[in-house]
Amino acid sequence: MSEEKRTEIGEIGEFGLIDQLAEKVRYYHGETVKGIGDDAAVYDAGDHYMLISSDMLLEGVHFDLSYMPLQHLGYKAVAVNVSDLAAMNGVPRQITVNLGLSNRFSVEAVELIYEGIRAACEAFKVDLVGGDTTTSKSGLVISVTATGAVDKDKIVYRSGAKESEILCVTGDVGAAFIGLNVLEREKQEFLGNPDMQPKLDKYPYVVGRQLRPQARMDIIHEFADLGIVPTSMIDVSDGLASEIFHLCKHSGLGAAIYEDKLPIDKEAYETAAEFSIDPNTCALNGGEDYELLFTIKQEDFEKLKNHAEIHTIGYMQAMDKGRTMVTRNNNVIELQAQGWKHF
Ligand code: ADP
Ligand code: MG
């Protein structure tokens, strides 16, 4: 037996691991403006910045093929990358697609994945320019790398928030996680009784949020139209609370949010109740919503306050005031982030 030190990844967590790896990385090119640590990397392309982001989806970890249609999977693999570009206030340009396929997959099955990829390319106006295909011995792997572009004076990092700026989130949160619960329940019932048809009709919104997430490019175009540049931004992939922590950490601040301001869809709320799970906990920790969380200057509030898809949930405060939440019964509690743990 070797005496070498062994640290479990779970001890430092996914983010701790990335931080540790990033510390030793050196950058050799002056045009690398931002490396590891934001939603996408940034490099100087002369009159504008280019963005690069990469995301991998693994069967059994990120999706279950017993309920994830292949077209939706293809769409989602692109959308989650576009979402990271949106989080930098950028627009997508190109993608490459890497596939790990077992012999379980037919040509027709791969065609279905690509149907979804092409649909996303059309929806988000992206060019599919390459990729790689290999065999996989442990399930389907689909990994997408996307490039994007943004004007130099419009780029938004996680780190730009200032004290007393307003914290906003788009759309609603928690529904994708609740949709996952519905799909898992139906799968278990189906395994118990294969003659049974899954009952998903009652849950179109939450199931759709899980199976076919959208990147909020609509909001990025609206920011441009309204002349708004958020001061900081991140997309909600791991869970709202965890993303708030990221904005706080990178901006050197604390934050205060209000539980009663969390945007929760009606169907999501009712379905959470059916599962006896707290909809607020789902909203804070559910993940995979692919909404945008961002801060704006107070003076920009007027322009966004009546926007149906943008919700003010709190404000940024000094770091020593912590990360707090005012609950529905007016208690101030410390905000907890459970997020998704991959390790
Ligand atoms: P997101 O949830 O927005 O996709 P992640 O938490 O996956 O962001 O990644 C955070 C940062 O760490 C990003 O800059 C990403 O490029 C970087 N990163 C993640 N995994 C690795 C890795 N294995 N090597 C280098 N950088 C990584
Ligand atoms: Mg992100």
Side-chain angles (χ1 to χ4, degrees), residues 7 9-10 12-29 32-43 49-58 61-63 76-92 95-98 100 124 141-148 150 155-161 167-171 173 176-177 213-217 219-220 230 232-251 284-295 337-343:
T7 311
I9 294 172
I12 58 172
E14 181 187 340
F15 301 134
L17 176 66
I18 295 171
D19 286 348
Q20 181 172 324
L21 298 173
E23 264 172 40
K24 295 183 195 126
V25 169
R26 295 281 164 271
Y27 298 109
Y28 300 100
H29 298 285
T32 304
V33 174
K34 176 80 197 177
I36 299 170
D38 216 299
D39 290 279
V42 183
Y43 71 90
Y49 284 145
M50 288 296 291
L51 307 167
I52 313 175
S53 90
S54 207
D55 254 304
M56 179 157 55
L57 301 179
L58 295 183
V61 179
H62 301 98
F63 60 89
K76 182 168 182 171
V78 178
V80 298
N81 275 280
V82 172
S83 179
D84 275 326
L85 302 173
M88 309 298 291
N89 206 26
V91 294
I95 55 164
T96 58
V97 177
N98 301 326
F124 301 117
V141 182
I142 175 162
S143 170
V144 172
T145 297
T147 69
V150 57
I155 183 124
V156 181
Y157 296 105
R158 294 176 178 180
S159 57
L167 187 59
C168 305
V169 68
T170 59
V173 282
F177 174 74
Q214 291 296 335
R216 296 310 305 253
M217 282 310 302
I219 301 289
I220 300 307
S232 70
M233 186 151 57
I234 190 168
D235 70 326
V236 182
S237 51
D238 289 334
L240 183 66
S242 165
E243 313 301 357
I244 292 171
F245 281 22
H246 284 307
L247 290 189
C248 286
K249 181 179 156 203
H250 288 259
S251 298
L284 286 169
N285 299 301
E288 295 204 284
D289 299 305
Y290 298 102
E291 296 293 344
L292 294 169
L293 173 74
F294 58 94
T295 52
Q338 285 144 20
W340 281 111
K341 288 210 175 68
H342 291 301
F343 298 102

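Below, each value reflects all heavy atoms present in this structure, side chains not excepted, and no hydrogens, waters or symmetry copies. As the structure lists them, so they are numbered: ligands from 1, and atoms in each ligand from 1.
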Residues at least two apart in sequence or cross-chain that pass side chain to side chain contact (heavy atoms under 4.5 Å, CB included) with Leu58, listed by chain then number, are Met56, Val61, His62, Val141

In chain order, what residues pass the side-chain hydrogen bond (donor to acceptor under 3.5 Å, both in side chains) check against Thr96, with sequence neighbours excluded?
-> none

Within the 6.0 Å centroid threshold, strictly below: Phe15 and His246 = yes

Ignoring hydrogens and angles, tell me if any N or O in the side chain of Ser143 forms a donor-acceptor pair with the backbone of Asn98 under 3.5 Å.
-> no

Where the side chain of Ser53 meets the backbone of Leu85, is there a donor-acceptor pair that is under 3.5 Å apart?
-> no

Salt bridge (Lys or Arg N to Asp or Glu O under 4.0 Å), paired with Arg158, selected from Asp39, Asp235, Asp84 = Asp39

Between Glu288 and Phe177, is there a donor-acceptor pair closer than 3.5 Å when you use the side chain of the first and the backbone of the second?
-> no

With a 4.5 Å limit on heavy-atom distance, are the side chains of Ile244 and Leu167 in contact?
-> yes

For ligand 1, output the ligand-protein N/O contacts shorter than 3.5 angstrom; if there are none, return none.
{"from": "ligand 1", "atom 1": "2 (O)", "to": "Ser237", "atom 2": "OG", "distance (Å)": "3.3"}
{"from": "ligand 1", "atom 1": "3 (O)", "to": "Asp39", "atom 2": "OD1", "distance (Å)": "3.0"}
{"from": "ligand 1", "atom 1": "3 (O)", "to": "Asp84", "atom 2": "OD1", "distance (Å)": "2.9"}
{"from": "ligand 1", "atom 1": "3 (O)", "to": "Arg158", "atom 2": "NH2", "distance (Å)": "3.4"}
{"from": "ligand 1", "atom 1": "4 (O)", "to": "Asp84", "atom 2": "OD2", "distance (Å)": "3.1"}
{"from": "ligand 1", "atom 1": "14 (O)", "to": "Gly37", "atom 2": "N", "distance (Å)": "2.8"}
{"from": "ligand 1", "atom 1": "14 (O)", "to": "Asp38", "atom 2": "N", "distance (Å)": "3.4"}
{"from": "ligand 1", "atom 1": "14 (O)", "to": "Asp38", "atom 2": "O", "distance (Å)": "3.0"}

Ignoring hydrogens and angles, tell me if any N or O in the side chain of Glu243 forms a donor-acceptor pair with the backbone of Asp238 under 3.5 Å.
-> yes

Around the Mg ion (ligand 2), how many protein N/O/S atoms fall inside 2.8 Å?
-> 3

